[in-house]
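So the structure is just underneath, and the comments pick up after that.
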Amino acid sequence: MDKIRVRFAPSPTGPLHIGGARTALFNWLFARKNNGVMVLRIEDTDLERSTEESERNILRDLKWLGIDWDEGPGVGGPYAPYRQTERLEIYREYTERLLAEEKAYYCFCSEEEVEEERQRQLARGEMPRYSGKCRNLSRAEQERCRQEGRQAVVRFRVPSGEKVVVEDLVRGRVEFDSDGIGDFVLVKSDGLPTYNYACVLDDYQMKISHVLRGEEHLSNTPRQILLYQALGWEPPKFAHISLILAEDRSKMSKRKGDVAVEQYRDKGYLPEAVVNFLALLGWSPEGEEEIFLLDELVQRFDLNRVSRAPAVFDMKKLQWLNGHYIKNSPLERITELAVPYLQKAGYLAEELTPEEWEWVKMVVASVREYPSCISEIVEHVDVFFNDEFAFEEEGLKEILQQEQVPQVVEALFAALEDTTDLTPEAAKKILRNISKGLKLGGKKVFMPLRIALTGSSHGPELNELIAILGKERVVSRIKRSLALAGVAQ
RNA sequence: GGCCCUAUGGUCAAGUGGUUAAGACACCGCCCUUUCAAGGCGGUAACGGGGGUUCGAAUCCCCCUAGGGUCACCA
């Protein structure tokens, strides 16, 4: 069996879309699972919309996800170049051949003419497609058009009455009628190949064995197969993956939420969460386990378990997955990711001393289970920075006015006095001793202290809070709160 | 509109003629607990409709319905 070679072929006209990322992931998993080769090809034949910046961003985001490639931009390979605008010579050669064999022809209809015709057909309820007007122009007629300065495109002469069969690896056998396909453009008037054309030429040249792509390309496939036949080439195997839908079951779009993977990265989603989530959209593992890192996905990935139905993007599940990875990643890493958000929010200075860094780690440790993405961490840390807090609600003061409070506070201050190393563990011990020593239930000890320390009835673990704030701030915060609640000290 | 794809709980989905129709997210409840979370345990909830085929259909066939894709000198 020939070596498995797959490709991901984005067009650099915007950021890496979440759907594109999944297509890339499935290709990558398929290649890695089968000891195949992953090719990255840049389809930049749309000069108007392609930008170098988009290309850079797409490559960056693929890398961020952990998807690498064996051939393509940056790494080269036996079939270089891997950028379509650098392959124009190759395409030209085949265009000559197709033209010579009369499998393609020059068409001089202007875009406006074709568009008008299209509209007329649409209005009549007909299928819009090229009429074939220039199909049989004589040499002389062609010459005249040229003389008139008309721009030419090259169209493919679609054979009539042919049944085109796509043996799709996920969809099974799909049949199309060639009569439903108009003579499509191969080479645009600017001399650049269209997608369907360049795609076929490149896939063949690059010896791509399997084309895994989004379902929106299923109806392009018969055109491409016709081209393979015209060129006398064996087509690759095709597998069309169903689309990812927005929550309202329509196509995902900018309006309906975040569609670019960079948006997820910016919000503080971890790449392994995004990958794990994407893998689960349209593919299902064999067992009941659903948490997988990239290499585990490689072990389990199987094209036969890719589903045909479109999948709705379930943000809640992504958040859950991300939360899971946030809770289970090394604290050092989460802290590194969290610090920029904390700096941006003004909680931290641009430069941190080693001591501050250690302190921030404690902060992150005590709140990391709350956020579903790292950026949300800023919503939970105010309690560690803001000494001038107000009571969340007036009723909370009554709890500070309870009769046992002065004793509890006194006991705490005394214990703090005797403690040199105020770790979370030490604080926990102190709290427990107070509760025991005063023979008071937890609620009578912990709730007043929590309120006095934070102005709120809920928040991080009390012992961690105390350790993180340190003796001085604990004392001053409590004194201030008691004063505010009118409790004599 | 033509062509094509799809159809199991709110969502992702397992299932490939005989199952009490898995599991996960979400939701609800209980437990744990010094709060909120997290975690543990449990619960509600599904085969779009109609015809066939068959002793027997979520599973096979047809029709309908619904959703989606595509019909560009965009990819």
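Chain letters run A, B, ... following the sequence lines, proteins first, then strands; residues in each count from 1. Remember, it's a predicted structure, so these values are computed and weren't measured experimentally.
- In this pair, A:F156 and A:F184 present their aromatic rings tilted. The plane angle is within the 30 to 60° band.
- Rounded to whole angstrom, the span from the CZ atom of A:F184 across to the C1' atom of B:C3 amounts to 16 Å.
- Under the 30°/60° scheme for interplanar angles, the aromatic rings of A:Y106 and A:F108 are found to be tilted.
- Going from the C1' atom of B:U11 to that of B:G67 covers 15 Å, rounded to whole Å.
- Checked against a 6.0 Å centroid threshold, the rings of A:H210 and A:F26 do not count as neighbours.
- In this entry the distance linking CZ of A:R305 with C1' of B:A22 reads 12 Å, nearest Å.
- Note on A:E215 versus A:R171: salt bridge recorded, some NZ/NE/NH1/NH2 to OD/OE distance being below 4.0 Å.
- Taking the P atom of each, B:C61 and B:U54 are spaced 16 Å apart, rounded to whole Å.
- Residue A:S242 has no polar side-chain atom (N or O) positioned under 4.0 Å from OP1 or OP2 of B:U6.
- For the C1' atoms, the distance linking B:A14 with B:U70 amounts to 31 Å, nearest Å.
- Among the atoms of the strands shown, none is found under 4.0 Å from any heavy atom of A:K444.
- Between the CG atom of A:L396 and the C1' atom of B:U35 there is a distance of 11 Å, given to the nearest Å.
- When both distances must be under 3.5 Å, the Watson-Crick or G-U wobble mate of B:U70 is B:G2.
- At a threshold of 4.0 Å, the pair A:E272-A:R333 counts as salt-bridged, since one of the basic side-chain nitrogens sits closer than that to a carboxylate oxygen.
- Between A:R305 and A:D302 there is no salt bridge, since none of the side-chain N atoms of the basic residue sits less than 4.0 Å from a carboxylate O of the acidic one.
- Taking 4.0 angstrom as the limit, A:R308 places a side-chain polar atom (N or O) nearer than this to OP1 or OP2 of B:U6.
- A pairwise comparison of heavy atoms in A:T194 and A:V185 identifies OG1-O, 2.8 Å as the closest pair.
- Base contact: A:Y370 has a heavy atom under 4.0 Å from a base atom.
- Whole-Å rounding puts the A:E286 CD to B:U16 P distance at 11 Å.
- Using the Watson-Crick or G-U wobble rule with both distances under 3.5 Å, B:G9 pairs with nothing in any strand shown.
- Across every strand in view, B:C28 sits in a pair with B:G42 that passes the Watson-Crick or G-U test at under 3.5 angstrom.
- The interatomic distance linking A:I377 (CD1) with B:A37 (C1') rounds to 13 Å, in whole Å.
- For the pair A:E115 and A:R118, the salt-bridge criterion is met [side-chain N within less than 4.0 Å of a carboxylate O].
- Heavy-atom nearest nucleotides on RNA chain B were determined for A:P285 and for A:E175, and the one closer to the 5' end corresponds to A:E175.
- Note on A:E113 versus A:R150: salt bridge recorded, some NZ/NE/NH1/NH2 to OD/OE distance being below 4.0 Å.
- The same atom, P, is picked in B:A75 and in B:C12; the two are 32 Å apart, to the nearest Å.
- Under the Watson-Crick or G-U wobble criterion, with both distances below 3.5 Å, B:A14 has no partner in any strand shown.
- Side-chain N/O atoms of A:Y91 and A:D202 include a donor and acceptor closer than 3.5 Å.
- A distance of about 13 Å separates the C1' atoms of B:A58 and B:G18, rounded to the whole Å.
- Contacts of A:P222 with the nucleic acid, taken as non-hydrogen atoms under 4.0 Å apart, are absent.
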Expected rows: protein N/O vs nucleotides 24-26 of chain B N/O, under 3.5 Å:
unit_1	atom_1	unit_2	atom_2	d
B:A24	O2'	A:E290	OE1	2.9
B:A24	O2'	A:K317	NZ	3.1
B:A24	N3	A:K317	NZ	3.4
B:C25	O2'	A:K317	N	3.3

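- Comparing the same atom, C1', in B:U44 and in B:C5 gives a spacing of 34 Å after rounding to whole Å.
- To the nearest angstrom, C1' of B:U35 lies 14 Å from NZ of A:K428.
- A:R450 comes within 4.0 angstrom of a base, heavy atoms only.
- Classification of the A:Y264-A:F313 ring pair by plane angle, with boundaries at 30° and 60°, yields tilted.
- Base pairing analysis places B:A57 opposite nothing; no Watson-Crick or G-U wobble pair with both distances below 3.5 Å involves it.
- Spacing between atom CD of A:Q402 and atom C1' of B:U34 amounts to 13 Å, rounded to whole angstrom units.
- Nucleotide B:U19 forms a pair with no other nucleotide shown, judged by Watson-Crick or G-U wobble geometry with both contacts under 3.5 Å.
- A:N276 and A:Y325 form a side-chain donor-acceptor contact under 3.5 Å, judged by distance and modelled atom types alone.
- Nucleotides B:U33 and B:A26 place their C1' atoms 24 Å apart, quoted to the nearest Å.
- In this structure, A:W283 atom CH2 and B:G15 atom P are separated by 12 Å, rounded to whole Å.
- Within the 4.0 angstrom heavy-atom criterion, base atoms lie near A:E461.
- Nucleotides B:G29 and B:G50, compared at atom C1', are 40 Å apart to the nearest Å.
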- Would you mind building the protein contact string for nucleotides 65-75 of chain B? One character per nucleotide, 5' to 3', B for base within reach (heavy atoms under 4.0 Å), S for sugar-phosphate only, - for untouched. --SBSSSSBBB
